[in-house]
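Below is one structure, written out as structure tokens, with a few remarks after it.
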Amino acid sequence: MAGHSDSNSSEKKSSEAMNDVPTFSAENLQNNMKVIYYSRTFMSIIGGVLAGILGFTGFMGFVLYLLVMAITSIGLIAKAKFSVHAYFDSWNRIILDGFMGGLMSFVLFWTFAYDIVHIF
Amino acid sequence: MAEDLVLDTAIRDWVLIPLSVVMVLIGILRYFVSKLMRSSQVPDPKIVKEGQVIVRARNLRAGANFIPPKSFRSRRVYFSNEENGLLFVPKGQAQNAQAQMFSDPNMAMDMMKKNLSMIIPQTLTFAWVNFFFSGFVAAKIPFPLTQRFRSMLQNGIDLSTVDVSYVSSRSWYFLNLFGLRGLFSLILGEENATDDTQRMMQMSGFGFDPTKSLGAEKDGLDIVQHEWALPKFEHRAEAVLKKLIR
């Protein structure tokens with residue numbers, strides 16, 4: 001998807017290859033977190049517009065949001081070539097980070113698209 | 001009462017879209033104005049020195065296991081020594097720094113400017129929305145909410161039988177306020193002054209930084225158990241070389 005290649009410009013290696021004494025380059029870690037945040041925001045906006053156009057209401061819309069988040073997570077993990085620990089310091093980051101912020105954008109664009117297409 | 005209301009197209013054209021466009025534009029305007037108004041303050045050398053000391057102590061803590069035990073201990077004593085250790089701040093001095101920070105006119109002006117540039121556009125826009133766009137149904141939110149939200153969301157609408165999903169324009173304003181934060185971070189780049197939480201973190205990290213974090217760093221440094229990593233390196237080197245040979 002175009003969104004992925006746009007915002008995943010560079011994910012830098014943030015930990016050395018020492019597996020038993022992990023060291024993290026804070027700057028790279030921060031950069032990677034930013035990449036995750038941008039990807040999630042972008043995908044949640046797209047997902048919101050999609051949900052609105054398709055006419056999902058209520059629970060189905062949130063299911064779609066979870067689906068979009070899961071797809072984003074999988075995309076990010078695939079981009080990190082499945083070695084998550086080389087790029088991030090814990091699993092939770094790549095899966096859960098930016099969830100809430102994305103939710104607000106999702107709801108906004110969902111409401112917007114839904115109203116424009118279905119109510120008016 | 002689940003029939004669908006049919007809403008006028010004019011509402012969509014003249015309420016929803018202009019409101020969103022105005023909010024986006026105001027956000028962009030606020031970003032540029034705050035960039036222009038940011039006065040370049042000469043950083044106080046004492047503050048900078050303390051900040052660097054904290055960074056050094058943090059690096060020591062992070063890399064503690066890569067230096068021999070004796071040198072780690074000597075470095076640690078250098079930092080947390082009671083008499084002239086860099087991190088040790090006697091209690092009397094700690095209070096002074098805070099008070100001085102807040103009475104310093106430059107910094108007070110700066111904080112006031114930042115506060116104002118956040119609050120004024122929000123207040124103005126909210127007043128504008130209330131004045132022009134009240135008293136009618138503006139949008140329908142696609143998910144159902146309980147009756148308790150009715151008073152919050154349906155502010156200008158005086159019919160109590162209308163479904164709670166039909167909201168007034170005030171709630172559209174709030175929805176925009178929260179939802180556009182993500183959009184701003186995408187279009188304005190990393191540094192944008194629209195996020196409330198970021199602003200609050202900046203404000204709180206202002207006067208309290210040197211005093212409390214010095215004590216925190218000292219405690220952290222005291223806690224560290226030194227475990228020298230060098231003996232393990234031989235095993236690692238052996239493992240790596242074995243892999244290479246195969």
Side-chain angles (χ1 to χ4, degrees), chain A residues 3 6-7 16-26 30-31 33-35 37-49 51-65 98-120, chain B residues 2 4-13 15-17 19-20 23 55 58-59 62-66 137-145 165-167 171-187 189-190 195 197 227-230 232-233 235-237 239-240 243:
Chain A
D6 252 350
S7 41
E16 293 290 311
M18 306 183 197
N19 287 324
D20 44 353
V21 191
T23 58
F24 295 107
S25 152
Q30 226 179 15
N31 184 47
M33 298 307 298
K34 249 186 256 174
V35 166
Y37 180 65
Y38 287 157
S39 310
R40 277 201 197 278
T41 310
F42 192 74
M43 288 300 290
S44 63
I45 290 179
I46 301 281
V49 174
I53 294 180
L54 290 178
F56 288 147
T57 60
F59 193 59
M60 278 301 297
F62 288 112
V63 166
L64 182 68
Y65 178 64
F99 199 77
M100 282 298 132
L103 186 67
M104 293 311 305
S105 303
F106 175 79
V107 167
L108 172 69
F109 282 93
W110 183 21
T111 309
F112 200 47
Y114 182 78
D115 282 346
I116 289 186
V117 172
H118 290 272
I119 303 291
F120 292 115
Chain B
D4 286 340
L5 292 180
V6 174
L7 295 169
D8 196 0
T9 316
I11 299 184
R12 171 188 63 183
D13 291 344
V15 174
L16 288 195
I17 298 183
L19 193 57
S20 298
M23 288 187 76
V55 170
R58 220 175 273 165
N59 284 342
N65 292 331
F66 296 113
V137 170
K140 177 179 196 287
I141 49 180
F143 46 90
L145 291 172
S165 298
Y166 291 97
V167 299
S171 49
W172 176 244
Y173 168 73
F174 279 119
L175 198 62
N176 265 321
L177 192 64
F178 291 123
L180 285 177
R181 260 191 260 157
L183 189 69
F184 281 138
S185 73
L186 278 182
I187 59 181
E190 302 90 28
D195 201 357
T197 54
E227 206 184 287
W228 199 20
L230 190 56
K232 294 192 206 142
F233 277 26
H235 287 284
R236 264 207 69 242
V240 168
K243 272 194 218 159

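Residue numbers begin at 1 in each chain, while the letters A, B, ... track the order of the sequences.
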Output the option from A:Phe106, A:Phe62, A:Phe56 having the highest count of non-hydrogen pairs under 4.5 Å with chain B.
-> A:Phe62
When rounded to the nearest 0.5 angstrom, what is the spacing between CG in B:Leu175 and CE in A:Met104?
-> 6.0 Å
So which part of A:Phe59 gets closer than 4.5 Å to some heavy atom of chain B, the side chain, the backbone, both or neither?
-> neither
Nearest heavy-atom neighbours spanning B:Leu183 and A:Ile45 | CD1-CD1, 3.7 Å
Rounding to 0.5 Å, atoms CD1 (A:Ile116) and CD1 (B:Ile17) come to a distance of 4.5 Å
Please report the closest heavy-atom contact between A:Tyr37 and B:Ser185, naming both atoms and the distance.
-> CE2-OG, 3.4 Å
So CH2 of B:Trp172 and CG of A:Leu108: to nearest 0.5 Å the spacing works out to 5.0 Å
Taking all atoms of both residues into account, what is the closest heavy-atom pair of B:Gly179 and A:Ser105, and its distance?
-> O-OG, 3.1 Å
